[in-house]
Enquirer: 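Quick one: the structure is below, and I'll ask about it shortly.
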Amino acid sequence: MAETPMFDAIVVGSGITGGWAAKQLTEAGLKVLMLERGRSIEHQTDYENETKAPWDMPFRGVGDAELYAREYAVQRLNRHFTEFTQDHFVNDLENPYATTPDTQFTWFRSYQLGGRSLTWGRQCYRWSDYDFGANKRDGFGTDWPVRYADLAPYYDMAEEFVGVSGAAEGLAQLPDGRFQPAMALNVVEAACRERIAARWPDRIITIGRTANLTQAKEGRSPCQNRNICGRGCSYGAYFSTQSSTLPAARKTGRLTLVTDAVVEKVEHDPVTGRVTGVRWIDRLRGTRTRATARMVFLNAGAFNSVQLLLNSANEAMPNGLANSSGVLGTHIMDHANTLSAAAIVPGFQDRTSFGNRPTGIVIPRFRNLDTMDGAGFTRGYSFQGGALQGTWTRGKRMAGVGADYKKTLRQPGMWEMVLVCFAESMPRARNRLTLSRTKTDPHGIPQLEVAFAHGAEERAALADAKAEAAKMMEAAGGQVLFGFDQPGPGGTAIHEMGGARMGWDPKTSVLDRWSRAHDVSNLFVTDGAQMSSSACQNPSLTYMALTIRACEHAVGLMRQGAL
């Protein structure tokens with residue numbers, strides 16, 4: 001087995017949090033090895049389909065249906081998966097996972113340099129103490145060992161570097177941040193905001209807070225309003241590892257990057273109780289390599305990091321690395337997600353919009369804040385969505401033929417407003433990850449097996465959301481067409497998290513308040529695996545803030561000689 005020189009830190013994964021860890025640690029003076037299991041994609045030069053038109057694509061952007069059914073059976077269900085973006089998603093045939101018989105879970109993944117930072121929805125929301133205090137308040141899960149005040153300065157740092165555009169609203173449940181100028185609501189969204197707030201002052205439609213620049217920043221250009229972000233953006237207008245954190249880390253001269261490196265184990269010394277490094281398989285050649293370091297950061301993605309900890313079991317820790325609590329792999333979450341209301345909004349047919357704004361609207365949580373006003377559920381939900389007009393493609397669903405039919409399609413369609421609910425997912429022990437005893441991946445690593453189901457609380461929240469969405473649309477002058485109150489399969493929200501949760505007590509949690517393993521003093525997990533609850537906001541900004549905070553703590557320990 002090949003050996004590499006010793007590093008100060010090894011970062012496993014190059015996505016949103018891995019990029020941040022590499023940046024923070026190298027800028028602090030550490031020599032860092034970052035390992036990515038997928039292929040290299042360099043900023044600008046490797047965005048192969050970024051500027052192509054449909055007629056430049058073999059299947060006109062729709063893709064090869066037979067190929068997708070055979071090799072992308074899960075990924076093709078992702079709303080961002082197209083022929084233009086398919087190279088930024090995994091091949092399911094080559095990257096299998098298992099589910100229990102009663103589980104439906106769509107695990108959407110991106111294994112390449114940058115990970116899902118190339119394909120994410122870019123929504124950036126701070127959590128509040130309603131979120132960090134929820135577990136203690138209602139008894140579900142374990143109490144978070146942090147509160148908003150602990151993370152506020154790190155939210156500041158993340159937003160300022162990322163470049164988050166958004167509007168300040170002064171809401172306790174959705175704290176304001178350090179924003180670039182907000183993108184604009186369109187005419188229908190602005191009218192709905194006014195009409196809904198007149199009826200319910202606590203229900204605010206605001207523009208989605210998004211990691212798309214509205215002002216140039218450090219070599220990155222403002223968003224061009226193309227809304228083709230998942231192809232990669234040569235302007236650097238949205239935050240990704242390639243456009244932001246990787247250039248910063250490389251600039252230090254202290255980063256070593258290895259791609260096509262599938263990490264199979266974190267190595268542990270039972271004498272010292274510390275991890276010593278990692279072992280990986282070259283994805284292309286099948287050879288094995290070992291690297292040593294003074295500390296290890298796991299940022300492979302929530303489920304991948306848990307899989308790695310489980311697969312790193314040894315004689316001293318037979319149930320998985322850092323798993324003396326026995327909760328490793330348990331309490332996984334994903335937001336309960338569905339389309340709560342779709343409505344036609346008449347009266348604006350003389351108005352239209354231009355460009356392709358890369359964000360929508362959000363209605364922040366208004367249930368179960370200072371009083372418990374939700375029937376059958378103790379947490380909350382929020383809405384995302386927006387108003388839009390149908391384009392000529394609506395003709396696929398219309399009867400017609402001839403000149404008049406074509407003339408109709410040259411004009412914008414009716415204004416429609418959609419509200420999509422994201423309800424908080426409760427942390428439950430039965431929702432868990434284990435290693436399959438019978439199935440392995442092409443590298444011989446045990447497949448991850450997912451057991452997951454939404455419960456009565458999530459379903460009650462979605463039922464309430466459907467009813468309230470219809471009321472709001474009617475109050476805004478809309479004509480509700482339909483709405484749903486049943487969640488999609490687990491994974492639909494693409495917000496999987498948990499499995500190595502933070503907590504005060506080593507007997508009931510995997511990580512401490514610094515994202516460090518209770519059992520292993522030089523092992524940190526700062527991706528979504530660390531989450532102790534899910535809130536109802538998108539979690540990525542919180543991952544970033546926790547990663548920055550953990551890196552600062554780790555560097556401090558190293559300088560004190562404690563690592």
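The structure displayed is predicted, hence computed values, not measured ones.
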Enquirer: Would you call Glu474 and Lys471 a salt bridge, using N to O less than 4.0 angstrom?
Expert: no
Enquirer: Could you verify whether a donor N or O on one side chain and an acceptor N or O on the other, from Asp370 and Tyr130, lie under 3.5 Å apart?
Expert: yes
Enquirer: Given side chains that start at C-beta, do those of Tyr47 and Arg231 come closer than 4.5 Å, heavy atoms only?
Expert: no
Enquirer: Going by the side chain to side chain donor-acceptor pair (under 3.5 Å) test, which pairs reach into residues 56-72, not counting sequence neighbours?
Expert: Tyr68-Gln86, Glu71-Asn91
Enquirer: If I take atom SG from residue Cys421 and atom CD from residue Glu468, how far apart are they, to the nearest 0.5 angstrom?
Expert: 11.0 Å
Enquirer: Of all heavy-atom pairs between Leu113 and Leu118, which one has the smallest distance, and what is that distance?
Expert: O-CD1, 3.8 Å
Enquirer: Would you check if the side chain of Glu424 reaches a backbone N or O of Ala535 as a donor-acceptor pair within less than 3.5 Å?
Expert: yes
Enquirer: If you draw a 6.0 Å radius around CG in Asp404, do more than 12 non-hydrogen atoms from other residues or ligands fall strictly inside?
Expert: no
Enquirer: Between Phe303 and Phe105, how do the two ring planes meet: parallel, tilted or perpendicular, split at 30° and 60°?
Expert: tilted
Enquirer: Given side chains that start at C-beta, do those of Asp92 and Arg109 come closer than 4.5 Å, heavy atoms only?
Expert: yes
Enquirer: Do Ser353 and Gln389 have side-chain N/O donor and acceptor atoms under 3.5 Å apart?
Expert: no
Enquirer: Kindly state each residue pair satisfying ring-ring contact (aromatic ring centres under 6.0 Å, His included) with at least one member in residues 401-423, sequence neighbours excluded.
Expert: Phe422-His495
Enquirer: Above 12 or not: heavy atoms from other molecules or residues under 6.0 Å from CD of Gln215?
Expert: yes
Enquirer: Salt bridge or not between Lys251 and Glu218? Use side-chain N to carboxylate O under 4.0 Å.
Expert: no
Enquirer: Any donor-acceptor pair under 3.5 Å linking the side-chain atoms of Thr526 with those of Thr547?
Expert: yes
Enquirer: To the nearest 0.5 Å, how far apart are CZ in Arg147 and CG in Asp131?
Expert: 10.5 Å
Enquirer: Is it the case that the side chains of Tyr111 and Asn304 hold a donor-acceptor pair, with the cut-off being a distance below 3.5 Å and no angle test?
Expert: yes
Enquirer: What residues, two or more places apart in sequence or in another chain, satisfy side chain to side chain donor-acceptor pair (under 3.5 Å) together with Tyr148?
Expert: Arg126
Enquirer: Under a 4.5 Å cut-off applied to non-hydrogen side-chain atoms, are Met497 and Ser425 in contact?
Expert: no
Enquirer: OG/Ser533 to CH2/Trp127 distance, rounded to the nearest 0.5 angstrom?
Expert: 4.5 Å
Enquirer: Do side-chain atoms of Thr85 reach the backbone of His88 as a donor and acceptor pair under 3.5 angstrom?
Expert: no
Enquirer: Considering all heavy atoms of both residues, which atom of Gln349 and which atom of Pro412 are nearest to each other, and what is their separation?
Expert: NE2-O, 3.5 Å
Enquirer: If you define the side chain from C-beta out and look only at heavy atoms, does anything of Asp485 sit under 4.5 Å from Thr338?
Expert: no
Enquirer: Nearest heavy-atom pair of Asn337 and Ala493: which atoms, and what distance?
Expert: CB-CB, 4.0 Å
Enquirer: Roughly how far, to the nearest 0.5 Å, is the CZ atom of Arg226 from the SG atom of Cys233?
Expert: 5.0 Å
Enquirer: So which atom in Arg365 and which in Cys536 form the shortest heavy-atom distance, rounded to 0.1 Å?
Expert: CB-SG, 3.9 Å
Enquirer: Return the CD to OH distance between Gln537 and Tyr381, rounded to the nearest 0.5 Å.
Expert: 14.5 Å
Enquirer: State whether the side chain of Gln24 and the backbone N or O of Ala22 hold a donor-acceptor pair below 3.5 Å, judged by distance alone.
Expert: no
Enquirer: Taking atom types as modelled, is there a side-chain donor on Tyr125 or Thr542 under 3.5 Å from an acceptor on the other?
Expert: no
Enquirer: Find the distance between CE (Met157) and CD (Glu159) and round it off to the nearest 0.5 Å.
Expert: 12.0 Å
Enquirer: For the side chain of Asp373 and the backbone of Arg367, is there at least one donor-acceptor N/O pair under 3.5 Å apart?
Expert: no
Enquirer: Does Met531 reach the side chain of Tyr543, with side-chain heavy atoms less than 4.5 Å apart?
Expert: yes
Enquirer: Please check if the number of heavy atoms outside Lys52 that lie under 6.0 Å from its NZ is greater than 12.
Expert: yes
Enquirer: Donor-acceptor pair, distance only, cut-off 3.5 Å: does the side chain of Ser110 make one with the backbone of Val90?
Expert: no
Enquirer: Using a 3.5 Å distance criterion without hydrogens, assess whether the side chain of Tyr238 forms a donor-acceptor pair with backbone atoms of Arg122.
Expert: no
Enquirer: What side chain to side chain donor-acceptor pair (under 3.5 Å) pairs are there with at least one residue in residues 161-177, not counting sequence neighbours?
Expert: Glu169-Arg193, Glu169-Thr206, Asp176-Arg209
Enquirer: Judged by atom type as modelled, is there a donor-acceptor pair below 3.5 Å linking the side chain of Asn368 to the main-chain atoms of Phe377?
Expert: yes
Enquirer: Assign the ring pair Trp20 / Phe161 to parallel, tilted or perpendicular, where the plane angle (0 to 90°) is split at 30° and 60°.
Expert: perpendicular
Enquirer: Enumerate the residue pairs fulfilling ring-ring contact (aromatic ring centres under 6.0 Å, His included) with a member in residues 194-228, sequence neighbours excluded, ordered by first and then second residue.
Expert: none
Enquirer: Is the closest side-chain heavy-atom distance between Ile16 and Asp527 below 4.5 Å?
Expert: no
Enquirer: Can any side-chain N or O of Asn538 pair as donor or acceptor with the backbone N or O of Ser540 at less than 3.5 Å?
Expert: no
Enquirer: Taking all atoms of both residues into account, what is the closest heavy-atom pair of Asp334 and Gly491, and its distance?
Expert: OD2-N, 2.9 Å
Enquirer: Crowded around Glu194 CD? As in, over 12 foreign heavy atoms under 6.0 Å?
Expert: no
Enquirer: Do Thr359 and Gln123 meet the criterion of a side-chain donor-acceptor pair at a distance under 3.5 Å?
Expert: yes
Enquirer: With a sphere of 6.0 Å drawn around CD of Gln104, does it hold more than 12 non-hydrogen atoms of other residues, nucleotides or ligands?
Expert: no
Enquirer: Using a distance-only test with no angle check, is there a side-chain donor-acceptor pair under 3.5 angstrom linking Gln242 and Asp46?
Expert: no
Enquirer: Minimum heavy-atom separation for Ser14 to Gly114, with atom names?
Expert: OG-N, 3.0 Å
Enquirer: Is any side-chain heavy atom of Asn78 closer than 4.5 Å to one of Phe89?
Expert: yes
Enquirer: Who passes salt bridge (charged side-chain N to carboxylate O under 4.0 Å, His left out) against Glu83, sequence neighbours left out?
Expert: none
Enquirer: Are Leu255 and Leu246 packed together at the side-chain level, in the sense that at least one heavy-atom pair is separated by less than 4.5 angstrom?
Expert: yes
Enquirer: I'd like to know if Glu189 and Arg357 make a salt bridge, using a cut-off of under 4.0 Å between side-chain N and carboxylate O.
Expert: yes
Enquirer: Backbone N or O of Gly163 within a donor-acceptor pair of the Arg220 side chain at under 3.5 Å?
Expert: no
Enquirer: So, does Ser382 use its side chain to make a donor-acceptor pair with the main chain of Ile363 at under 3.5 Å?
Expert: no
Enquirer: Give the C-alpha distance, both sets of side-chain angles, the deciding distance and a yes or no for side chain to side chain contact (heavy atoms under 4.5 Å, CB included) between Thr119 and Phe81.
Expert: CA-CA 9 Å; Thr119 59; Phe81 181 90; over 6 Å; no
